[in-house]
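Take a look at the structure set out below.
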Number of protein chains: 2
Amino acid sequence: MNQQAIDILKNHQLSITASRASILALFIKSKKALSHNTIEHKCSPAFDRVTIYRTLALFIEKGIIHNIPTADNTTLYALCKNECTAGHHHDEHIHFICDDCGTTTCLEETDIPKIKLPKGYKAFEVQMVVTGTCGHCV
Amino acid sequence: MNQQAIDILKNHQLSITASRASILALFIKSKKALSHNTIEHKCSPAFDRVTIYRTLALFIEKGIIHNIPTADNTTLYALCKNECTAGHHHDEHIHFICDDCGTTTCLEETDIPKIKLPKGYKAFEVQMVVTGTCGHCV
DNA sequence: GTAACTGCAAAATATTTGCATCCTT
DNA sequence: AAGGATGCAAATATTTTGCAGTTAC
């Protein structure tokens with residue numbers, strides 16, 4: 001079992017099970033956003049679809065992963081940075097979707113610029129999704 | 001039938017049918033983003049679910065509406081501004097989701113600030129979704 | 001040992017496809 | 001009249017729920 005995955009589970013007071021460690025290890029290893037389907041196919045041994053749904057929901061609740069709003073409304077999940085805590089996400093970074101390789105990554109280093117909203121509006125969370133070509137596909 | 005809706009259909013060389021005009025009129029009247037479900041319930045007389053799916057797909061293809069990536073991955077649609085043409089969307093504006101009233105609106109006036117991406121990355125389209133409270137819910 | 005986790009079955013929901021009929025032009 | 005649009009039925013895909021057996025601590 002991936003030690004890093006186990007540590008993350010421990011840090012969030014979650015019991016360590018094969019499915020959780022395995023799914024988490026997949027996120028750590030792939031370094032990009034994954035869909036439910038991808039997870040289902042890349043985990044070996046495979047886990048029940050329902051287990052994956054429940055595991056992902058748990059991880060989101062605990063602030064371990066977050067989901068990414070994509071232009072075509074498929075559901076993607078990616079690891080959160082450390083600042084995320086249960087119930088409150090701080091994913092103020094840019095999500096980049098590459099048209100060529102289809103990969104969705106979180107650009108942690110790139111900050112989202114401040115925006116000025118119309119009078120009376122108050123921002124709580126800001127999501128930014130950029131489509132284009134990534135550094136590897138030029 | 002809503003004349004504005006008819007004009008939009010004509011401008012895109014689409015035949016004018018009850019469902020198309022009615023769905024389009026709903027967007028014009030409500031001035032906010034709508035889900036498939038909302039459209040299904042607010043149209044009277046009601047249209048078949050399948051017709052709504054096909055109409056929305058057609059409108060997106062023709063650049064009449066665009067879909068909005070939401071944090072909870074529900075599918076929302078909103079009217080495009082005039083610059084959109086078939087096959088190529090220019091929705092470089094901010095989508096605002098109000099936590100209080102649940103309304104999603106397009107802030108057409110508010111420009112998305114320029115961002116600087118990592119070396120090698122090229123942006124083609126930029127989406128921005130802001131969550132918070134809107135002017136009406138203060 | 002006990003509470004929590006998993007897998008299976010099945011329900012509920014969402015989306016797509018095929019086809020016959022109807023409507024727009 | 002002809003081609004496209006609609007509605008219905010049904011296939012497919014996605015997500016949720018209930019429950020009994022299994023596992024982590």
Side-chain angles (χ1 to χ4, degrees), chain A residues 1-3 5-26 33-62 64-77 86, chain B residues 1-3 5-26 33-62 64-77 86:
Chain A
M1 276 198 204
N2 182 312
Q3 186 59 44
I6 292 174
D7 289 343
I8 293 174
L9 290 173
K10 277 185 183 162
N11 289 343
H12 289 84
Q13 285 101 43
L14 296 175
S15 52
I16 290 138
T17 67
S19 59
R20 289 175 184 178
S22 182
I23 292 171
L24 211 37
L26 192 59
L34 304 170
S35 67
H36 177 280
N37 236 289
T38 306
I39 294 166
E40 193 180 343
H41 293 312
K42 289 230 178 138
C43 277
S44 54
F47 300 102
D48 193 272
R49 193 171 287 163
V50 176
T51 300
I52 298 172
Y53 276 117
R54 289 196 268 230
T55 303
L56 291 172
L58 177 74
F59 286 177
I60 287 178
E61 185 195 318
K62 294 291 179 180
I64 298 173
I65 62 172
H66 58 278
N67 67 8
I68 301 176
T70 60
D72 63 348
N73 277 89
T74 51
T75 311
L76 287 179
Y77 308 86
Chain B
M1 278 200 203
N2 182 312
Q3 186 58 43
I6 292 174
D7 289 343
I8 293 173
L9 291 172
K10 278 185 184 164
N11 289 343
H12 289 85
Q13 284 101 45
L14 297 175
S15 52
I16 290 140
T17 66
S19 59
R20 289 174 184 178
S22 182
I23 292 172
L24 211 38
L26 192 59
L34 304 170
S35 68
H36 178 280
N37 235 290
T38 307
I39 294 167
E40 193 180 343
H41 293 312
K42 288 230 179 140
C43 277
S44 56
F47 299 103
D48 193 89
R49 193 170 288 164
V50 175
T51 300
I52 297 171
Y53 276 117
R54 289 197 268 230
T55 303
L56 291 172
L58 176 75
F59 285 177
I60 286 177
E61 186 196 318
K62 294 291 179 178
I64 298 174
I65 61 173
H66 59 278
N67 67 7
I68 300 177
T70 60
D72 63 348
N73 277 89
T74 51
T75 311
L76 287 179
Y77 309 87

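Lettering of chains follows the sequences in order, A, B, ..., and the numbering in each one begins at 1. None of the values given here were measured: they were computed from a predicted structure. Excluded from the calculations below are hydrogen atoms, water molecules and symmetry mates; all remaining heavy atoms, backbone and side chain alike, are included.
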When Val50(B) and Ser19(B) are each assigned the nearest nucleotide of DNA chain D, the 5'-most assignment goes to Ser19(B)

Phosphate-side-chain proximity, [X] and [N], N/O vs OP1/OP2 below 4.0 Å:
X        : N       : answer
Thr17(A) : dC5(C)  : no
Ser15(A) : dC25(D) : no
Asn37(A) : dT14(D) : yes

Comparing Thr55(A) with His36(B), nearest DNA chain C nucleotide closer to 5' gives the residue Thr55(A)

Residue pair Ala46(A)/Thr75(B) against DNA chain C: nearer the 5' end by closest nucleotide is Ala46(A)

Report the distance from atom [atom1] of [X] to atom [atom2] of [N], rounded to the nearest whole Å.
X        : N       : atom1 : atom2 : result
Asp48(A) : dA9(C)  : CG    : P     : 10 Å
Leu9(A)  : dC25(D) : CG    : C1'   : 14 Å
Ile52(B) : dT16(C) : CD1   : C1'   : 15 Å
Leu76(B) : dA14(C) : CG    : P     : 13 Å
His41(A) : dT14(D) : NE2   : C1'   : 13 Å
Phe47(A) : dT22(D) : CZ    : C1'   : 14 Å
Glu40(A) : dC8(C)  : CD    : P     : 12 Å
Glu61(B) : dA5(D)  : CD    : C1'   : 14 Å

- Task: Using a 4.0 Å heavy-atom cut-off across all strands, classify Arg49(B) as base, sugar-phosphate, or nothing.
- Result: base

Main-chain N/O of Glu40(A) paired to Arg49(A) side chain as donor or acceptor, under 3.5 Å: no

Axis-to-axis angle for the helix from dG1(C)-dC25(D) to dT25(C)-dA1(D), ends of five pairs each, to 10°, equals 40°

Taking all non-hydrogen atoms of both residues into account, name the closest pair between [X] and [Y] and its distance.
X        : Y        : answer
Leu76(B) : Ser35(B) : CD2-N, 3.6 Å
Ile23(A) : Cys43(A) : CG1-SG, 4.0 Å
Phe59(B) : Leu14(B) : CE2-CD1, 4.3 Å
Leu26(A) : Ile39(A) : CD2-CA, 3.9 Å
Ser19(A) : Thr55(A) : OG-OG1, 4.3 Å

When rounded to the nearest 0.5 Å, the distance separating NE2 of His41(B) from OG1 of Thr38(B) is 7.5 Å

Counting only distance, no hydrogens or angles, is the base of dG4(D) paired donor-acceptor with the side chain of Arg54(B) under 3.5 Å? no

Considering only heavy side-chain atoms of Tyr53(A), the closest of dA5(D), dT15(C), dT14(D) is dT14(D)

